[in-house]
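Structure record follows, encoded as structure tokens.
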Amino acid sequence: MASLEDLRAQIDEVDARLIDTIAERLRLVREAAALKAEHKSAAYSKERESYLLHSRAEMAEKAGLPAGLIDDLLLRLLRESYKGKGPAAYACLKPANRPIVIVGGAGAMGRLFSDYFKASGYHVEILEKDGWEQAPQLLGQALAVFVSVPISAAAAVIADTASFIAPDTVLCDFTSVKGPYVKQMLEVHPGPVLGLHPMFGPDIKSLVKQVIVSCGGRGEEQYRFILEQFKLWGAKICTCAPDEHDEAMSIIQALRHFTTYCYGIFLAQLRPPLQQILDLSSPIYRLELEMVGRLFAQDPHLYADIIMSSPRNAELIEAYFASLKPQIDLILQQDKEQFIERFMQARDYFGPYAQKFLQDSGALLAKIQDDWE
């Protein structure tokens, strides 16, 4: 029988071969990416990824590997390959002598999209308030204009921008509120209008699998190339009406950010030792705490704008606040029976999603826990 030292030596040899194999795979991926760039192919193929995951899972099962092991490894390798798919050589779907103009393009989000448009062969111009004397010239010849400014400045900037653009210029905005700004763009510009909301921050490594919400206003034929260009970069386009977007964002962003903000403010008042809290936490609570800390590492003006962007948000937050009182009363009264009844009512609302979320979050936590010390 081999000794423990002999077995460890063999394991080391296998690991070395595994590392060489992974390095070879990544080299081949880089070569494939170069060919895709040469042929102006899309950065991401859902069909190819689905094929890889399905076929490799079948191979792993035949080899007797634990379920999910090859999925974890392959998804990690795919994620690594997508990291490198920032701005690169992509096809230009609307070749023109006219520029793409990004108003507020010196900001982080504006720079991100500027880099992608430039990498695809578009002529891009950046317009800021300290260079507004160039607005008549730059905006007047623009193929498309993207307003990428804080919500508090959006209305004024949209109005000023529209006064200079040609009737056939596509007017777009990147605000996280769509109803009032799509309406305003339709009022001040007779040409094509497209409301956009990138559902990510400017610190992403790649647009692959990132969601961009599209709220079309007018002139789909004229603005379609923009959405197709986003898809070519790997983004996922989610289309909905402006008001539907804002109703959803009240929950997805305003209410979620507000509750995170309140929890963080309360912790700051209690001032528990964070390292001890982390040391004592289960993976799920540690992840929740990290998401709270993530908010406070970012721009407070951005979150203030999002939370306070509409009366709808204030009404929803107020309703949420009012809903807490009956739940607090249950705790004070130690009414476990009523607590469980309401718990089950909420479970009915989530339906089959509850079990799916349990499984998905469990798999996510298992992956995250591997990265923690």
Side-chain angles (χ1 to χ4, degrees), residues 26 30 33 42-44 75-90 100 102-120 122 124 126-128 146-154 172-178 195-214 226-227 229-238 245 249 252-254 256-261 263-264 274 278 286-307 309 364-365 367-368 370-372:
L26 292 176
R30 286 193 294 271
Y44 166 68
L75 285 169
R76 179 64 181 84
L77 289 170
L78 289 170
R79 189 165 71 250
E80 192 66 29
S81 69
Y82 295 148
K83 279 183 181 179
K85 295 192 181 301
Y90 298 112
I100 298 286
I102 303 180
V103 181
M109 187 65 75
R111 289 197 304 271
L112 175 69
F113 279 92
S114 173
D115 288 344
Y116 269 91
F117 276 116
K118 287 178 181 177
S120 297
Y122 292 90
V124 179
I126 302 300
L127 186 59
E128 292 288 334
F146 294 82
V147 175
S148 181
V149 298
I151 294 174
S152 57
C172 312
D173 77 310
F174 278 151
T175 63
S176 59
V177 178
K178 295 272 70 79
L196 297 166
H197 183 190
M199 296 298 294
F200 48 84
D203 58 342
I204 59 169
K205 304 298 183 184
S206 164
L207 281 180
V208 172
K209 297 186 180 182
Q210 299 293 344
V211 174
I212 300 177
V213 181
S214 166
I226 295 173
L227 301 181
Q229 193 72 60
F230 292 164
K231 292 178 183 178
L232 193 65
W233 296 338
K236 177 183 177 182
I237 306 300
C238 180
H245 165 278
M249 287 306 127
I252 295 170
Q253 288 193 325
R256 184 67 262 166
H257 292 331
F258 176 75
T259 55
T260 301
Y261 162 83
Y263 186 58
L274 284 177
L278 288 170
R286 179 167 179 166
L287 179 59
E288 289 176 349
L289 188 59
E290 289 185 348
M291 295 307 294
V292 175
R294 173 183 169 85
L295 183 142
F296 289 96
Q298 300 180 73
D299 182 4
H301 299 93
L302 170 65
Y303 288 99
D305 282 347
I306 290 174
I307 292 171
S309 62
L364 176 63
L365 289 169
K367 292 182 177 69
I368 292 174
D370 290 340
D371 295 332
W372 285 338

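Sequence positions, counted from 1, serve as the residue numbers for this chain.
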Would you say Gln210's side chain and Phe200's backbone share a donor-acceptor pair under 3.5 angstrom?
no

Donor-acceptor pair, Thr175 side chain versus Val177 backbone, under 3.5 Å?
yes

Provide the closest heavy-atom pair for Gly201 versus Met109 in the form atom of the first, atom of the second, distance.
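Minimum heavy-atom separation between Gly201 and Met109: C-CE, 4.1 Å.
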
Going by side chain to side chain contact (heavy atoms under 4.5 Å, CB included), name the residues that satisfy it together with Lys118, two or more places apart in sequence or in a different chain.
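So Lys118 forms a side chain to side chain contact (heavy atoms under 4.5 Å, CB included) with Ser114, Val124.
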
Who pairs with Tyr303 by side chain to side chain contact (heavy atoms under 4.5 Å, CB included), at least two apart in sequence or on another chain?
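Residues passing side chain to side chain contact (heavy atoms under 4.5 Å, CB included) with Tyr303: His257, Leu295, Gln298.
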
Please work out which of the three classes, parallel, tilted or perpendicular, describes the rings of Trp233 and Tyr116, given edges at 30° and 60°.
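Geometry flag for Trp233 against Tyr116: tilted rings.
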
Using the rule side-chain contact (heavy atoms from CB on, under 4.5 Å), only one of Arg256, Met199, Lys178 pairs with Met249; which is it?
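The side-chain contact (heavy atoms from CB on, under 4.5 Å) with Met249 is passed solely by Met199 among Arg256, Met199, Lys178.
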
Identify whether the distance between the nearest side-chain nitrogen and carboxylate oxygen of Glu290 and Arg286 falls below 4.0 Å.
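Between Arg286 and Glu290 there is a salt bridge, with a charged N closer than 4.0 Å to a carboxylate O.
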
So do [Y] and [X] actually touch side chain to side chain, heavy atoms under 4.5 Å?
X: His301; Y: Pro150; result: no
X: Ile100; Y: Phe113; result: no
X: Arg294; Y: Met291; result: yes

Check: Phe296 ring centroid to Tyr263 ring centroid under 6.0 Å:
no

